[in-house]
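These notes are about the structure you will find just below.
Throughout, residue positions are numbered sequentially from 1 according to the sequence presented.
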Amino acid sequence: MKRRKTKITSDCLELFDESATFTLKNQVSKETEEFFKKYKYITLDYRLSDGAHAVMFTILSFPEDTVINVSLIKTTTSKSRYEIKKYLEELERFGYIKEIDSSTEEKAYIRNVD
């Protein structure tokens, strides 16, 4: 298996798939460390693009019952609406979020992970 290094966040950790261990680049809080350990399986899912990983971790930073849409994610990133929509569709395809009925024209999703 080819060794692949995936940078998850620029300031706190890197994931190395051979040993599936986290290397902390800077000191991070215990909460942050526990958060990444809890959701390690998401970081190991190589089907997801880097952008979809980033959007998923943004989604996980919101309360569980938050309705997710492009507009909400757009408030936290400089990515275009098109890119965000593409990443949300990718996350839906792999079962991390699911679409719900929305009273607006914009698609709405909820988390499908705990």
Side-chain angles (χ1 to χ4, degrees):
M1 175 183 261
K2 189 175 181 182
R3 187 176 176 115
R4 179 177 162 196
K5 179 178 164 183
T6 303
K7 193 173 189 178
I8 303 303
T9 60
S10 61
D11 63 341
C12 67
L13 62 96
E14 290 179 347
L15 173 71
F16 297 88
D17 70 352
E18 288 296 317
S19 61
T21 58
F22 292 100
T23 302
L24 298 178
K25 290 171 61 179
N26 299 323
Q27 279 201 328
V28 295
S29 71
K30 189 70 172 166
E31 281 182 359
T32 302
E33 186 178 346
E34 290 302 315
F35 175 85
F36 280 103
K37 284 181 182 177
K38 179 177 180 182
Y39 295 111
K40 182 168 76 172
Y41 69 94
I42 295 171
T43 63
L44 293 172
D45 190 343
Y46 294 120
R47 300 172 302 170
L48 296 178
S49 65
D50 289 342
H53 276 116
V55 168
M56 188 65 217
F57 283 111
T58 299
I59 290 169
L60 292 171
S61 71
F62 295 113
E64 281 187 47
D65 58 349
T66 302
V67 174
I68 307 300
N69 58 33
V70 173
S71 297
L72 178 64
I73 302 299
K74 183 67 179 141
T75 64
T76 66
T77 183
S78 61
K79 300 279 186 203
S80 72
R81 295 181 68 79
Y82 171 78
E83 289 175 298
I84 295 168
K85 181 180 175 190
K86 179 178 73 170
Y87 298 141
L88 289 172
E89 289 169 353
E90 185 177 343
L91 291 168
E92 181 183 24
R93 186 172 60 249
F94 292 116
Y96 289 104
I97 59 175
K98 59 184 176 182
E99 187 176 355
I100 59 171
D101 289 335
S102 174
S103 59
T104 66
E105 291 179 20
E106 193 170 45
K107 282 188 175 183
Y109 303 90
I110 56 169
R111 288 171 40 174
N112 202 27
V113 296
D114 55 352

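For Ser49, the side-chain hydrogen bond (donor to acceptor under 3.5 Å, both in side chains) partners are Glu90, not counting sequence neighbours. Contacts of Glu92 classified as salt bridge (charged side-chain N to carboxylate O under 4.0 Å, His left out), with partners at least two apart in sequence or in another chain: none.
To the nearest 0.5 angstrom, Ile97 atom CD1 is 5.0 Å from Leu91 atom CG. Taking CD from Glu106 and NZ from Lys85, the interatomic distance works out to 9.5 Å, rounded to the nearest 0.5 Å. Taken to the nearest 0.5 Å, the CG atom of Asn112 stands 13.0 Å off from the CD atom of Glu99. Rounding to the nearest 0.5 Å gives a distance of 14.5 Å between OH of Tyr96 and CG of Leu88. To the nearest 0.5 Å, atom OG1 of residue Thr77 and atom CG of residue Leu72 are 12.0 Å apart. Summarising the geometry, atom CZ belonging to Arg93 is positioned 9.5 Å from atom CZ belonging to Arg47; distances are rounded to the nearest 0.5 Å.
Heavy atoms of other residues, nucleotides or ligands lying less than 6.0 angstrom from OH of Tyr41 number more than 12.
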Show me the donor-acceptor pairs, under 3.5 Å and distance only, between side chains in residues 58-67 and residues at least two apart or in other chains.
residue : atom : partner : partner atom : Å
Thr58   : OG1  : Ala54   : O            : 2.9
Ser61   : OG   : Thr58   : O            : 2.5
Thr66   : OG1  : Pro63   : O            : 2.8

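Taking each heavy atom of Ile100 and Tyr109 in turn, the nearest pair found is CG1-N, 4.2 Å. Contact between Lys79 and Ile84 at its shortest, heavy atoms only, is O-CD1, 3.8 Å.
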